[in-house]
Each structure stands twice: as C-alpha cells, then as structure tokens.
Trainee: 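Below is the structure I would like to discuss, written out as structure tokens.
Index from 1, following the sequence.
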Amino acid sequence: MDNTASVATLPSPAHEEHPNQFALLKQRRFAPFFWTQFAGAANDNLFKFAFTVMVTYQLQVAWMPPAMAGLVIGALFILPFLLFSATSGQLADKFDKRSLVRFVKWLEIVIMLLAAFGFFTANVVVLLACTFLMGLHSTIFGPVKFAYLPQHLAERELTGGNGMVEMGTFVAILLGNVAGGLIVAVPQVGPHWVGVGCIALAAAGRLVAQWVPVSPATDPGLKINWNPFTETWRNLRLAHGNVVVFRSLLGISWMWFFGAVFLSQFPSFAKEVLHGDEHVASLLLVVFSIGIGTGSLLCEMLSRRHVDIGLVPLGAIGMTVFAVDLYFSSHALPPAGSLTVTQFLAQAAHWRVMADLALLSLFAGLYSVPMYALIQLRAQPTHRARIIAANNILNALFMIASALIAGALLSAGATIPQIFLFTGIANALVAGYIFLLVPEYLLRFVAWVVTHLVYRFRVQGEEHIPVAGPAVLACNHVSFVDAVLLMAASPRPIYFMMDHRIFQVPVLGWLFRLAKAIPVAPQKEDSAVYEAAFERAAQVLREGDLLAIFPEGSITRDGQLQPFKAGIMKVLERARADGVEPPVVPMALTDLWGSFFSRIEEHGAMVRPFRRGIFNRVGLNIGTALAPAQVQPDVLQQRVAHLLAA
C-alpha cells in the first residue's frame, strides 16, 4: 500500500491541542484560509444567483429565454472545471499555495470589477463572460483548498478541518443565494448594489488572504503540461494508481451526483409537488444546507478526531433511507394553491418532507467529509493537488450526468418524487458496489458500530501508533473482536496474523478474510500455512504497513495474560533479513473479559449477550514502542502486563 509516504508529511500532532474543530478558527494556520474560501464561495453564489434572477425576471433577452437562463449560467460556470482542472492541479503542486491563494483573490477582484460594469449596464454578454471567469477562479482555487489542509493540520485534525470547510462552503452558498436574490430584487438599484457587494466581498477575501501562512510547494520541479486533455487523462491515471484513493474519488463524485439531483429539482419540487411559492423553494435550500453543515461538523465527534471512513457506509445508508422516505412523504400530499412559507409550515405533512431533506443531507455530510480527509491522507504529497484536480473533473462529469439523467427521466414521464426514489435506490447500489471494491470502508464501518453501539471504547496512548512506516503491534488476545477494536484505534490499515481457527467462526471469519488477515497454524499441524503466514507478514513490513500479532497464540480461556510465544521473534528475524527494522508497539485490551465476544462460558462463547448489560466500557492502552533489538517474548509480556494494570 502507498499511504505511508503521504501520512509522513502530515504535521505532527504536537500542534497546539484544541477541544474541538471550532478552536481552529482561532489559529492562523486555519482561520485566514477558512474565511478566504468562505468569502469566495459566498461571492460565487451571490453573483450567480443575482444574475440568474435578473435575466429570469428583470431583463428580456431574446436569445436566452428565462427557462434556459439557469441552465446556461450553470453550464458556463462548470465548463472551466472540465477544461482547466488538470492545469490548476499542476499549479497547486508546483507553487506555494499562499501565493496561489493571493493570486486567485486578485483575479476575483478583477472579475468582480468587470461584473459590476455588467450589472450597472445590464450587459448580459459581459455577465456571461464573468460567469465563465468565476468558474475559472473556482477551478484554480479547488485543488489549492484541499491540498492546503493536510499541510497544516495533523491527522487528528483533518476530519474536523474538512468538516469546517464543508460546513462553511454550504453556509456561504446559502448566504450568497439568499443575499443575491434579495438584493437584486430591490427596485431600480438592486443590480447596482449586487455589483458593489461582489467587489466588497472579493476585496474582503483578498484582505484575509494576506494572513494565510506559507505553504511550500510539494513538487517545485514539476514541468507544467499546458495541454488540458492529455493532462486530464494523466491525472485520472495518476489517481487510478491508488485503488483506495481512486474509489474514494468516485464516491465523492457520486455524492455530487446525488446532491445535484435534489438541488436542481428544488424549485420544481416546491411548486409542483409541495404547492409552495418561491420562498418555499428557498426554505428547502436552507434545510438542505443546514443538514449538510450539521453532518460535516458531526464527523469529528463521531470519529473521535481521526480520519474514520467507517462513517461513509453509515452516511450512505442514511442517504438511501431518507431519499426513499422522501418519495413516500411527498407522494400523496393534498392539493393546494400556492402556499406561503407560513402556510406551508402550518401543515404537519410538510414537516416530514423537511425532516427527510435535513436528514438525507446530514448523512451526505457524514458520507463526504471522511472521504475528502482520506484522499488528503493517502494521496502522495507530491501530486496531491493533481489528485484533487482529478476529483474536480470527475465531480463535474457526474453533475452533468445527473442533469442529463434527471432530464431524461422527466421527459419519459417520471415525477420528481419518482426521481428522488430512483436516486435513493441507485445510491444503495453504487455505495454497495464501492464498498465491495474497497472492503476497508465496510471493515471500518463494522469497527465503528462495535466501538459505538456495542461497546463504549476508550483509547489511551494512541499517539504511539506510528503515523508512517512499518511497525509490529503486539496485543493480548481476549475476545473474538480484538482485531476489530485495534482496527478502530488506528488511523492506518492493519494486517493481522490470527489463529487459522478463527476463520471458521460464522460472520467473523468472513470479515477477517475480507480484511486480508493472515491465517497462521502451528508448524506441526500445517507447516505450509505456517510458512506462508510468516512470508506474508514479512511482505507487509517490507511494504511499510502495520502488522498486528497476538503473541499468546490464542484467545485466553480464563481472562489472564498467557505466556507469549516466540512467533514474534520469527517475524522480526524475517524483517531484519529484508533490511527492515520495525518498532514493536505493546498494546493491552482492558475490560473485555466477560463480554459477549469472550470465552467466559465453559461450553462455548457468545451465548449470553447481555450478561454484562449493554454498552460495556472497554479500553485499549498503548505503550511506547520498543526497538526490535529490545524485544524478547518475556520482556514484551511484561510491557503488556504493565499496560493491563494501568
């Protein structure tokens, strides 16, 4: 696996500790960047929505009928993402990101000056040109935005930082749309005020960008390929080189497909299905944006401030459940005239519709934020921005596809609720396919469920798990889910050496095979399996990954720590022969004995699920690493015993 090099470039956790993600807003490494991107997103949407309203309601443009205005403006804005994302990714890898941020904000001021002229003179051609240029501005800024975060945030801050950015982006979109619609509607002077407001926001963004810290180039020697088509293909192939990253790119692009279906249908949904006026459509946008923002912010708390992709399947499940329920909640609403927001809210049936929208968007936030963080964590630093650029290209293609498919379904006679139902079912199929292709998502989801819904899991000493390079994790063996708990505690994938008999346990055996755990049998019992296990373990360490071993050899039958066997010495000898000297990290699982998954019964295990009640408090204590030369079975056993008593 190729995640180790990228992890190594993340800032050390020695950064100033903070209680939650909001504390990042007080720190220079994050706050100026956050407000810069917030101002840019707000300005994009203030400009676009005001322009759309102006050509729809206030101007008569013979060659662009009102029904086509939103489509044309949206297409012009997204076109640069297809044409120039590949180039912008190269720029973000080659140059200091602070310099690029400042350049982009100067460019935004120039574009907004031109846009102000267009608003003052009601020049639609100039405003269309500015729409394309603002798309170009966003195209350049996109790779910078997501490649900036892993340069300044530690692994434990990455999920929270991405959650803040995602929340800020959707709040900025919401505020920009609302302000654009209200300001441009002011009689006579509305478009003038929009022009002035766009310039003011651009200037504010440039001012804040002055405090963005230095962000050195990750590949300063890169030679720019100015051909967008060949470079786009090269970026996609680059992303495809890392299976987990590429599947995550597809997963994020699918989320944009999913979201675009709902966002594009809100006006028609509000009018034709909910029988509301244009303010009801705005209310739906507010509810959707609040849901996305809430889900994004919840990610840090639910992941214990790690990059936990176990939230992704949880998000996918919620997206499907509430998209399908939206079909049923809106399928048989009573006919009505054009309802105001107050009249709309007065009907109880409409609250279920809003709850569905809020919850499906909340789960979309849980789905997308860990994927963004995973890409930043796993992508090679020297071409991280180009990977983000490839993501932007895929996002644009998926959003175009969503518009075409939704249009085709409407033309075929499908209703808007039926389109929502189709999207919800398609989401389940696509998500299931991605999770089968990349089992790590499913495994992390199982680990998340076990540590949140079965046990109350507490980890101490997690900083001792190396963020990069090979290492051996040595832990006591108490239950059938020990590997799942270790998986939940580590931000990196772990390969486990496990007793071959555990693979015969229903469900758990399938799960461990999915995790590519290494079955090991006693040499006298099956010498072929024995030798194959140590060869695979050596390969794991050669490739710079984490290897976990339970030195007792089997699950304890009395709750006591058993003598450690010499298998770990054979692992270290094989690693040394390959020129690898992995540190050995002692670990101790606590309070698991007597729980459902342990062997406390005389006649078997897992037969009395509630003997200790529910939500049992269990823990994992992690000690400082030992150098390979210090490791002996008895020494390692003493270290684990000390951690058990801690």
Side-chain angles (χ1 to χ4, degrees), residues 1-3 6 146 158-159 162 166 235-262 292 295-296 299 302-303 306-324 360-379 387-388 390-402 405 420-449 484 487-488 491-493 510-511 513-516:
M1 302 184 68
D2 58 354
N3 61 310
S6 60
F146 286 107
L158 208 50
T159 295
N162 275 280
E166 191 87 346
N235 281 3
L236 292 173
R237 290 185 62 188
L238 199 65
H240 192 266
N242 185 320
V243 174
V244 173
V245 168
F246 186 70
R247 304 300 185 195
S248 300
L249 297 183
L250 292 177
I252 288 173
S253 296
W254 171 255
M255 193 276 292
W256 282 103
F257 178 104
F258 182 93
V261 169
F262 288 89
I292 284 277
S296 300
C299 286
L302 293 177
S303 65
H306 279 299
V307 177
D308 190 347
I309 58 175
L311 295 177
V312 175
L314 178 66
I317 292 169
M319 289 162 66
T320 289
V321 168
F322 292 105
V324 171
L360 76 85
S361 58
L362 182 150
F363 279 98
L366 294 181
Y367 174 92
S368 62
V369 168
M371 278 196 174
Y372 276 117
L374 180 72
I375 291 169
Q376 293 161 351
L377 189 67
R378 300 279 181 90
I387 297 294
I388 300 298
N391 184 50
N392 290 339
I393 296 166
L394 290 172
N395 290 349
L397 291 173
F398 273 63
M399 291 172 71
I400 292 170
S402 77
I405 293 173
F420 292 164
L421 176 64
F422 166 81
T423 306
I425 295 172
N427 180 70
L429 297 175
V430 171
Y433 178 67
I434 291 175
F435 301 148
L436 287 176
L437 285 177
V438 187
E440 189 179 347
Y441 283 108
L442 190 58
L443 295 168
R444 291 280 181 166
F445 175 61
V446 172
W448 188 88
V449 169
V484 175
M487 194 186 306
R492 296 171 57 192
W510 170 81
L511 186 67
R513 280 190 291 272
L514 197 63
K516 297 181 180 178

Trainee: Output yes when a side-chain donor or acceptor of Tyr367 lies under 3.5 Å from a complementary backbone atom of Gly251, and no otherwise.
Mentor: yes
Trainee: Using a strict cut-off of less than 4.0 Å between a Lys/Arg side-chain nitrogen and an Asp/Glu carboxylate oxygen, indicate whether Arg247 and Glu440 qualify as a salt bridge.
Mentor: no
Trainee: Does Gln376 reach the main-chain N or O of Phe146 with its side chain, forming a donor-acceptor pair under 3.5 Å?
Mentor: yes
Trainee: Report yes if the side chains of Val446 and Leu443 come closer than 4.5 Å at any heavy-atom pair, otherwise no.
Mentor: no
Trainee: Would a 4.5 Å heavy-atom cut-off, applied to side chains only, mark Phe445 and Val312 as touching?
Mentor: no
Trainee: Atom CZ in Phe422, atom CD1 in Ile405: separation rounded to 0.5 Å?
Mentor: 6.0 Å
Trainee: Can you give the donor-acceptor pairs under 3.5 Å from side chains of residues 424-438 to other protein atoms, not counting sequence neighbours?
Mentor:
from, atom 1, to, atom 2, distance (Å)
Asn427, OD1, Trp254, NE1, 2.7
Asn427, ND2, Ala316, O, 3.1
Asn427, ND2, Thr320, OG1, 2.8

Trainee: When rounded to the nearest 0.5 angstrom, what is the spacing between OH in Tyr441 and OG in Ser248?
Mentor: 2.0 Å
Trainee: How many angstroms lie between CG in Asn395 and CD1 in Ile400, if you round to the nearest 0.5 Å?
Mentor: 11.0 Å
Trainee: Within the structure provided, determine whether Phe363 and Ile317 are in side-chain contact (heavy-atom separation under 4.5 Å).
Mentor: no
Trainee: Is the number of heavy atoms from other residues, nucleotides or ligands within 6.0 Å of CZ (Arg513) greater than 12?
Mentor: yes
Trainee: Let me see the working for Asn235 and Ile387 under side chain to side chain contact (heavy atoms under 4.5 Å, CB included), right down to the final yes or no.
Mentor: CA-CA 6 Å; Asn235 281 3; Ile387 297 294; over 6 Å; no
Trainee: Are side-chain heavy atoms of Thr159 and Leu311 found at a separation under 4.5 Å?
Mentor: no
Trainee: OG/Ser296 to CG/Leu366 distance, rounded to the nearest 0.5 angstrom?
Mentor: 8.0 Å
Trainee: What's the spacing between Phe258 CZ and Phe262 CZ if we round to 0.5 Å?
Mentor: 4.0 Å
Trainee: Between the main-chain N or O of Met399 and the side-chain N or O of Ser402, is there a donor-acceptor pair closer than 3.5 Å?
Mentor: yes
Trainee: With distance as the sole test, does Trp256 use its side chain to make a donor-acceptor pair with the main-chain N or O of Leu394 at under 3.5 Å?
Mentor: no
Trainee: Taking side chain to side chain contact (heavy atoms under 4.5 Å, CB included) as the criterion, tell me which of Ile252, Asn162, Val244 meets it with Leu374.
Mentor: Val244
Trainee: Can you check side chain to side chain contact (heavy atoms under 4.5 Å, CB included) on Ser361 and Phe322, steps first, answer last?
Mentor: CA-CA 9 Å; Ser361 58; Phe322 292 105; over 6 Å; no
Trainee: Relative to each other, are the rings of Phe398 and Phe257 parallel, tilted or perpendicular (30° and 60° limits)?
Mentor: perpendicular
Trainee: Between atom CD1 of Ile309 and atom CG of Leu442, what is the distance when rounded to the nearest 0.5 Å?
Mentor: 10.5 Å
